[in-house]
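Inspection log for the structure reproduced underneath, given as structure tokens.
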Amino acid sequence: MDNQTLSSIFQRHFGEVPALVAHAPGRVNLIGEHTDYNQGFVFPAAINFGTWVVATKRNDDKIHVIAMDYDNQENQFSLSDIQYDNEQSWSNYVRGVVKVLKAAYADVGGANLLVTGNVPQGAGLSSSASFEIAILKVMSTLYDLHLDGVKAALLGQKAENTFVGCSCGIMDQLISAMGNEGKAMLLDCQSFAIEHSPLPNTHQIVIINSNVKRGLVDSEYNLRRQQCEQGASLLGVASLREATMDMLETAKVHMPDVVYRRAKHIITENQRTLEACEALKIGDMTTVSKAMAASHVSMRDDFEITVPPIDYLVEIIDEVLGSSGGVRMTGGGFGGCVVALAPTDKVDAVKHVVQEKYFDRTGYHADIYVCNASQGAFAS
Ligand code: GLA
């Protein structure tokens, strides 16, 4: 939807001309899964699906928000008393973000907000992070807070950790804030060093949504996080970022097998992420292909976050791509999407094999999005 249409819808609801329209993208992670909360490396791209927020300031301390995608549901709260809302759970992203923002910047005041988005929800493409970052962009612009992308990402993550209740890492918020058009972003989640890396113009990012409804996501996610922390503590390091495979093999006998396998995924995934990023720079697709394939196997066997329909998608797409491209599950897991880096002339074959085989085998219909890497909300 274009900004002009959004502005007139806002005007119809609130009876005033909006001060601004902000946008923040969702993301797809090319490689580096569950490494972010282990202080490791991730390599995501912001995508051309996102959240839009249209806004004006208010003179009181109220936030009045309308969610276009939830039948124009309205939610109101006062800045001086922000509680969790059990009825309209979508509103907790606004409530959480505004609460942490207000705690950091006393100057924040009321606002009228109209929200809409097109990131498929529950698909592992960070619809929630894009919502959080879009709200942060709007509020920081309205109230002239000079928020930068890293600070915004940390506030979004804090809202999700402390208010919404998911112990997510920093990747989703940071790429939504800082992504660059046409580029993927290597992020060191320990130092927050960012390297924008051009994507080859020979390949397309193809996202295949398995449409498997993600179950137990938060509990399994939080459990993985605890197991990683246990691994780090058994190895005597502050985080698995500091661990090596040699250290892990030496300590193996003293570790529960499940903790060993979780740690193995993280240590090897960090290595693969760096390798894939370097290989992509020089157009070495064979190495990218191998790294993405190994990442998937590691998520399937060691981290145990994939599901059979996703494994099947990866298998049939891999048969089409061979070493000319890569494919793996992307995101937190337990359903969601597969990402492929496909040579442009093989995109149709990827679509075809999915349409041909996926439903017959699994009973699910897949959605396919050919994406562009796009600009983050706070990126310059
Ligand atoms: C979710 C979290 C991220 C990250 C990924 C897995 O998207 O929000 O912080 O941990 O899962 O890589």
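Remember, it's 1-based here, ligands and their atoms both numbered in the order they're listed. The shown structure was predicted, so the numbers you read here are calculated from the model rather than taken from an experiment.
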Counting from 1, what ligand 1 atoms have a heavy atom of [X] closer than 4.0 Å?
X: Asp172; value: 1 (C), 2 (C), 3 (C), 7 (O), 8 (O)
X: Tyr37; value: 10 (O)
X: Glu33; value: 6 (C), 12 (O)
X: Asp36; value: 3 (C), 4 (C), 9 (O), 10 (O)
X: Cys168; value: 2 (C), 8 (O), 9 (O)

Does one side chain, of [X] or [Y], offer a donor that lies under 3.5 Å from an acceptor on the other?
X: Gln227; Y: Tyr260; result: no
X: Glu74; Y: Asn72; result: no
X: Arg225; Y: Ser167; result: no
X: Asn38; Y: Ser239; result: no
X: Thr56; Y: Glu16; result: yes
X: His265; Y: Asp301; result: no
X: Ser374; Y: Asn48; result: no

Tell me whether [X] has any N or O atom under 3.5 angstrom from an N or O of ligand 1.
X: Gly169; result: yes
X: Tyr221; result: yes
X: His34; result: yes
X: Arg27; result: yes
X: Thr35; result: no

